[in-house]
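Computed from heavy atoms alone, side chains included, the values below leave out hydrogens, waters and symmetry copies. Sequential numbering from 1 along the given sequence is applied to the chain's residues.
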Amino acid sequence: MLLPVTLTSAAAAAILNFWLALRVGQLRVRLKVLHGDDGGPLMQRMRAHANFIEYTPIVLILIAAIEMTGKGAPWLAWVAAAYMLARIAHAFGMDSATGSKWRAVGIVVTMLVMLGLAVAGTLIVLGVI
């Protein structure tokens, strides 16, 4: 069974994960911090990366499960894209030492996507969708 939305989302997530790790590594080299964090910019980038890892697996599982039911077209691809864009916004927002609109937008969209996918999955199981 080919799951194009899931495969595209997982590929995008892998690329985004690589980018987030690269940003941490570049800052680690520049600041000469081999272990841990510096309590500043490096910690912020590490948290952006960790935050991505905290949310992405469940979102990908929900995307795959919904896609396997055949009930996700065409909206599921748009939701998956919104999630990936939200995670990029969050990462850029985490570079700010103070609160940022990008961070807020990133986490709000992430939460809405995760909650929306959970509701959609439940409604599919209940036969409402």
Side-chain angles (χ1 to χ4, degrees):
M1 168 184 279
L2 180 61
L3 302 173
V5 175
T6 302
L7 184 54
T8 302
S9 299
I15 292 166
L16 187 49
N17 189 46
F18 176 81
W19 173 71
L20 289 166
L22 185 64
R23 287 170 36 96
V24 170
Q26 288 173 330
L27 197 53
R28 198 174 275 291
V29 168
R30 187 169 15 140
L31 297 175
K32 296 180 171 115
V33 177
L34 185 60
H35 300 289
D37 65 70
D38 64 344
L42 181 56
M43 180 186 63
Q44 291 162 236
R45 285 201 178 168
M46 289 171 64
R47 279 303 310 145
H49 187 211
N51 192 267
F52 176 78
I53 296 303
E54 292 163 2
Y55 290 105
T56 302
I58 191 67
V59 169
L60 288 175
I61 289 167
L62 287 165
I63 289 168
I66 291 168
E67 188 171 20
M68 287 173 64
T69 69
K71 308 260 180 169
W75 61 269
L76 189 59
W78 290 105
V79 170
Y83 176 79
M84 296 304 164
L85 291 172
R87 300 319 302 164
I88 292 168
H90 181 265
F92 282 124
M94 285 294 289
D95 281 349
S96 173
T98 60
S100 123
K101 282 184 184 181
W102 291 114
R103 180 181 180 189
V105 166
I107 198 62
V108 166
V109 172
T110 294
M111 294 298 182
L112 290 174
V113 164
M114 189 168 55
L115 181 60
L117 289 171
V119 168
T122 302
L123 293 175
I124 290 167
V125 167
L126 294 174
V128 176
I129 296 178

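Among pairs with a residue in residues 92-128, those fulfilling ring-ring contact (aromatic ring centres under 6.0 Å, His included) read W19-F92, at least two apart in sequence or across chains. Every pair tested for salt bridge (charged side-chain N to carboxylate O under 4.0 Å, His left out) that includes a residue from residues 112-129 fails, sequence neighbours excluded, so the list is empty. Residue pairs meeting the side-chain hydrogen bond (donor to acceptor under 3.5 Å, both in side chains) criterion with at least one member in residues 53-64, sequence neighbours excluded: R47-E54, T56-Y83. For the side-chain hydrogen bond (donor to acceptor under 3.5 Å, both in side chains) condition, the pairs that include at least one residue of residues 61-78, sequence neighbours left out, are T6-E67. Listed by first and then second residue, the side-chain hydrogen bond (donor to acceptor under 3.5 Å, both in side chains) pairs that reach into residues 108-129 are R87-T110, sequence neighbours excluded. Identified under the side-chain hydrogen bond (donor to acceptor under 3.5 Å, both in side chains) test for residues 28-44, with sequence neighbours left out: none.
By the rule that hydrophobic residues join a cluster once side-chain heavy atoms approach within less than 4.5 Å of another member, I129 and L62 end up as members of one cluster. No chain of hydrophobic side-chain contacts below 4.5 Å, direct or via other Ile, Leu, Val, Met, Phe, Trp or Tyr residues, connects I15 to I63. By the rule that hydrophobic residues join a cluster once side-chain heavy atoms approach within less than 4.5 Å of another member, V113 and I88 end up as members of one cluster. There is no path of hydrophobic side-chain contacts, each under 4.5 Å, that joins L22 to V29. F52 and M43 are not part of a single hydrophobic cluster, where members link through side-chain heavy atoms under 4.5 Å apart.
Of all heavy-atom pairs spanning A48 and L20, the tightest one is O-CD1, 4.3 Å. The two residues M84 and S9 come nearest to each other via the heavy atoms CE-O, 3.2 Å. Residues G72 and I66 share a closest heavy-atom pair of CA-CG2, 4.0 Å. Of all the heavy atoms in L60 and A13, the pair that sits closest is CD1-CB, 4.1 Å.
Annotation: the span from L2 atom CG to L7 atom CG amounts to 7.0 Å, rounded to 0.5 Å. Distance check: I58 CD1 to I61 CD1 gives 5.0 Å after rounding to the nearest 0.5 Å. Note that the CD1 atom of I53 and the CG atom of N17 stand 4.0 Å from one another [nearest 0.5 Å].
When hydrophobic side chains of Ile, Leu, Val, Met, Phe, Trp and Tyr are connected at separations under 4.5 Å, L42 ends up clustered with V24, L27, L31, V33, M46. In this structure, M68 shares a hydrophobic cluster with M1, L3, the cluster being traced through Ile, Leu, Val, Met, Phe, Trp and Tyr side chains under 4.5 angstrom apart.
By the side chain to side chain contact (heavy atoms under 4.5 Å, CB included) test, S96 is found to be paired with T98, S100, residues two or more places apart in sequence or in another chain being considered. V128 is linked by a side chain to side chain contact (heavy atoms under 4.5 Å, CB included) to L123, L126, counting only residues two or more places apart in sequence or in another chain. Under the side chain to side chain donor-acceptor pair (under 3.5 Å) criterion, R23 pairs with D95, not counting sequence neighbours.
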